[in-house]
Novice: 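Below is a structure I'd like to ask you about.
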Amino acid sequence: MKRIKIAMILNIIIVVLTVFASFCMFTGFKFMRGPEIVLEATKLQMFSFFTVDSNLFLGIVALLSAYYEFKLLKKEIKEIPKIIYILKLMATTAVGLTFLVVFTYLGPITEYGIISMVLNSNLFFHLIIPVLSMITFMFFEKTNKLTFKDSLYGLVPMILYAVFYLINIVIHMENGKVSPKYDWYWFVQNGVWTASLVIPLVAVITYVISLVLWKVNKE
């Protein structure tokens, strides 16, 4: 039960950090100074980013997880429903993908490097929350409820976002060219056709993340 208690506390921390980071980005509130910040937008535009969507999804799932963990600690339930673990695997895979893309792809190609990716709200969205979520799921929410096939659920958020991202790019193309304004991750600047390479590659990376999380999570 000690492990469950730690998981509940970490999930509550994740919820609080998600709310704070969302407030900062939505309002444009900045508490850090540094180089030009990239991949940040205010108000409803912030929901364009997979970073924000994946973290908000995680925040909701972390709240649900904390609720059921609390009920388990109070012995009001005998076990946490499998659907909670599935949702947590999906959300943790999503923010894990965010973390990996930022530190291996986006950070190195931006003008001011990784530092510009971890300022203000993105300090939480790109680094702290993903790391906390992966630690929580792998080491404190261990379960035997999830099967090998369940690891495929980790692909769902990425696939849904890829559909939105690609459609948004296509409808905003000008004279057959991809606008950098809408290809904010610079995935298809060489043409929409490159999506046929990028999407499968990101899907494979996403599934590997999900598989690793599932494997380490197994009790």
Side-chain angles (χ1 to χ4, degrees), residues 1-23 49-104 118 121-162 202-219:
M1 284 298 180
K2 182 180 179 181
R3 193 169 63 193
I4 297 297
K5 186 176 182 179
I6 294 174
M8 183 187 72
I9 293 172
L10 289 175
N11 277 315
I12 292 172
I13 292 173
I14 288 171
V15 172
V16 172
L17 294 181
T18 301
V19 171
F20 176 69
S22 299
F23 169 80
F49 300 127
F50 183 75
T51 291
V52 176
D53 298 337
S54 61
N55 274 269
L56 287 177
F57 177 39
L58 174 68
I60 293 170
V61 175
L63 182 61
L64 288 172
S65 298
Y67 169 74
Y68 280 103
E69 285 157 358
F70 176 76
K71 289 178 72 69
L72 184 63
L73 288 170
K74 290 294 182 179
K75 298 182 179 179
E76 294 179 9
I77 58 174
K78 292 183 178 180
E79 59 183 16
I80 295 172
K82 180 179 177 178
I83 185 63
I84 298 300
Y85 289 112
I86 290 176
L87 289 173
K88 197 62 179 294
L89 174 61
M90 290 168 61
T92 306
T93 299
V95 295
L97 177 62
T98 290
F99 174 84
L100 190 63
V101 170
V102 164
F103 285 91
T104 63
V118 289
S121 56
N122 280 336
L123 171 64
F124 299 103
F125 285 150
H126 287 161
L127 177 61
I128 297 176
I129 294 174
V131 170
L132 271 180
S133 69
M134 289 186 282
I135 290 174
T136 303
F137 184 74
M138 290 190 294
F139 303 110
F140 299 104
E141 293 179 324
K142 287 184 171 293
T143 180
N144 283 322
K145 290 180 179 290
L146 298 177
T147 65
F148 174 75
K149 290 183 179 180
D150 291 327
S151 62
L152 289 169
Y153 284 113
L155 285 166
V156 176
M158 171 262 153
I159 292 174
L160 291 177
Y161 185 80
V202 176
V204 169
I205 293 171
T206 302
Y207 184 62
V208 169
I209 294 171
S210 182
L211 204 57
V212 170
L213 289 172
W214 167 76
K215 187 66 177 178
V216 179
N217 169 267
K218 284 183 68 66
E219 198 164 21

Novice: For the residue pair Leu155 and Ala203, what are the closest heavy atoms and their distance?
Specialist: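 Leu155 and Ala203 have their closest heavy atoms at CD2-O, 3.2 Å.
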
Novice: Hey, could you give me the CZ/OH distance between Phe137 and Tyr85, rounded to the nearest 0.5 Å?
Specialist: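 Nearest 0.5 Å value for the CZ-OH distance: 9.0 Å.
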
Novice: Working note: Ile80 + Tyr67, criterion side-chain contact (heavy atoms from CB on, under 4.5 Å); need CA distance, chi angles, decisive distance, verdict.
Specialist: CA-CA 10 Å; Ile80 295 172; Tyr67 169 74; over 6 Å; no

Novice: Between Leu56 and Ser22, what is the shortest heavy-atom contact and its length?
Specialist: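 Minimum heavy-atom contact is CD2-OG, 3.1 Å.
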
Novice: For a 4.5 angstrom cut-off between non-hydrogen side-chain atoms, does Pro130 reach Val102?
Specialist: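 Not touching, per the 4.5 Å side-chain cut-off.
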
Novice: For side-chain contact (heavy atoms from CB on, under 4.5 Å), just list the numbers for Ile13 and Leu132, CA-CA rounded to whole Å, side-chain angles, deciding distance to a tenth of an Å, and then say yes or no.
Specialist: CA-CA 9 Å; Ile13 292 173; Leu132 271 180; 3.9 Å; yes

Novice: Take atom NZ of Lys5 as the centre, draw a 6.0 Å sphere, and report whether it contains more than 12 heavy atoms from other residues, nucleotides or ligands.
Specialist: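 No - once you tally the heavy atoms of other residues, nucleotides and ligands closer than 6.0 Å, there are 12 at most.
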
Novice: Run the side-chain contact (heavy atoms from CB on, under 4.5 Å) test on Phe139 and Val216 for me, step by step, so that the C-alpha distance in whole Å, both residues' side-chain angles and the decisive distance to 0.1 Å come before the verdict.
Specialist: CA-CA 8 Å; Phe139 303 110; Val216 179; 4.1 Å; yes

Novice: Would you say that more than 12 heavy atoms from the other residues, nucleotides or ligands in this model lie under 6.0 Å from the OH of Tyr161, or not?
Specialist: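 Yes.
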
Novice: Could you state the interatomic distance from CG (Asp150) to OG (Ser210), rounded to the nearest 0.5 Å?
Specialist: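 So the gap between those two atoms works out to 9.0 Å.
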
Novice: Do you know which two heavy atoms are closest between Ser54 and Thr98, and how far apart they sit?
Specialist: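 In this case the closest contact between Ser54 and Thr98 is OG-OG1, 3.2 Å.
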
Novice: Taking the side chain as every heavy atom from C-beta outward, state whether Met8 and Leu72 have any pair of such atoms under 4.5 Å apart.
Specialist: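 Heavy-atom side-chain distance check fails, nothing below 4.5 Å.
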
Novice: Do the non-hydrogen side-chain atoms of Leu97 and Val202 ever get within less than 4.5 Å of each other?
Specialist: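 Yes, side chains in contact.
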
Novice: Please check this pair: side chain of Trp214 against backbone of Leu146, looking for a donor-acceptor N/O pair closer than 3.5 Å.
Specialist: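 Side chain of Trp214 to backbone of Leu146: a pair is present.
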
Novice: Is the NZ atom of Lys82 crowded by more than 12 outside heavy atoms at less than 6.0 Å?
Specialist: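 Enclosed.
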
Novice: Might you point out which heavy atoms bring Leu63 and Val15 nearest each other, and give the distance in Å?
Specialist: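 In terms of heavy atoms, the two residues are closest at N-CG2, 3.5 Å.
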
Novice: Applying side chain to side chain contact (heavy atoms under 4.5 Å, CB included), name anything that partners Glu79, two or more places apart in sequence or on another chain.
Specialist: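 With sequence neighbours excluded, Glu79 shows a side chain to side chain contact (heavy atoms under 4.5 Å, CB included) to Lys145, given in chain and number order.
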
Novice: Check Phe124 against Ala21 and note the closest heavy-atom contact, atom names and distance.
Specialist: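 What the structure gives for the nearest pair is CB-CB, 3.8 Å.
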
Novice: Which value, rounded to the nearest 0.5 Å, describes the distance between Leu64 atom CG and Ile84 atom CD1?
Specialist: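 Reported to 0.5 Å precision, the distance equals 5.0 Å.
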
Novice: What I want to check is whether the side chains of Asn217 and Glu141 have a donor and an acceptor closer together than 3.5 Å.
Specialist: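 Short answer, no.
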
Novice: Could you please spell out the steps behind the side-chain contact (heavy atoms from CB on, under 4.5 Å) verdict for Phe99 and Met134?
Specialist: CA-CA 10 Å; Phe99 174 84; Met134 289 186 282; 4.2 Å; yes

Novice: Hey, mind stepping through Lys142 and Glu219 against salt bridge (Lys or Arg N to Asp or Glu O under 4.0 Å) and telling me if it holds?
Specialist: CA-CA 5 Å; Lys142 287 184 171 293; Glu219 198 164 21; over 6 Å; no

Novice: Passes salt bridge (Lys or Arg N to Asp or Glu O under 4.0 Å), Glu69 versus Lys74? Steps please.
Specialist: CA-CA 9 Å; Glu69 285 157 358; Lys74 290 294 182 179; over 6 Å; no

Novice: Measure from the side-chain N and O atoms of Asn11 to the backbone N and O of Ser65, and report whether any donor-acceptor pair falls under 3.5 Å.
Specialist: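 Pair absent, no side-chain N/O of Asn11 close to backbone of Ser65.
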
Novice: Roughly how far apart are Ile9 CD1 and Thr136 OG1, rounded to 0.5 Å?
Specialist: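 The distance works out to 10.5 Å.
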
Novice: Find the distance between CE (Met90) and CG (Leu152) and round it off to the nearest 0.5 Å.
Specialist: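 Between Met90 CE and Leu152 CG, I get 11.5 Å after rounding to 0.5 Å.
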
Novice: If you look at every heavy atom in Thr93 and Gly154, which pair is closest and at what distance?
Specialist: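 The answer is CG2-O, 3.5 Å.
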
Novice: When you look at OH of Tyr68, are more than 12 heavy atoms from neighbouring residues, nucleotides or ligands closer to it than 6.0 Å?
Specialist: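 Not buried by this count: 12 neighbours or fewer within 6.0 Å.
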
Novice: Taking C-beta and beyond as the side chain, do Phe125 and Val95 meet within less than 4.5 Å on heavy atoms?
Specialist: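 They are not in side-chain contact.
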
Novice: Say you draw a straight line from CG of Leu100 to CD1 of Ile205; how long is it, rounded to the nearest 0.5 Å?
Specialist: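 Rounded to the nearest 0.5 Å, the CG-CD1 separation comes out at 6.5 Å.
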
Novice: Taking CZ in Phe57 as the centre, count heavy atoms belonging to other residues, nucleotides or ligands within less than 6.0 Å. Is the count above 12?
Specialist: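 Count over threshold, so yes.
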
Novice: Can you tell me if CZ on Phe20 sees more than 12 non-hydrogen neighbours from other groups inside 6.0 Å?
Specialist: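 Yes - once you tally the heavy atoms of other residues, nucleotides and ligands closer than 6.0 Å, there are more than 12.
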
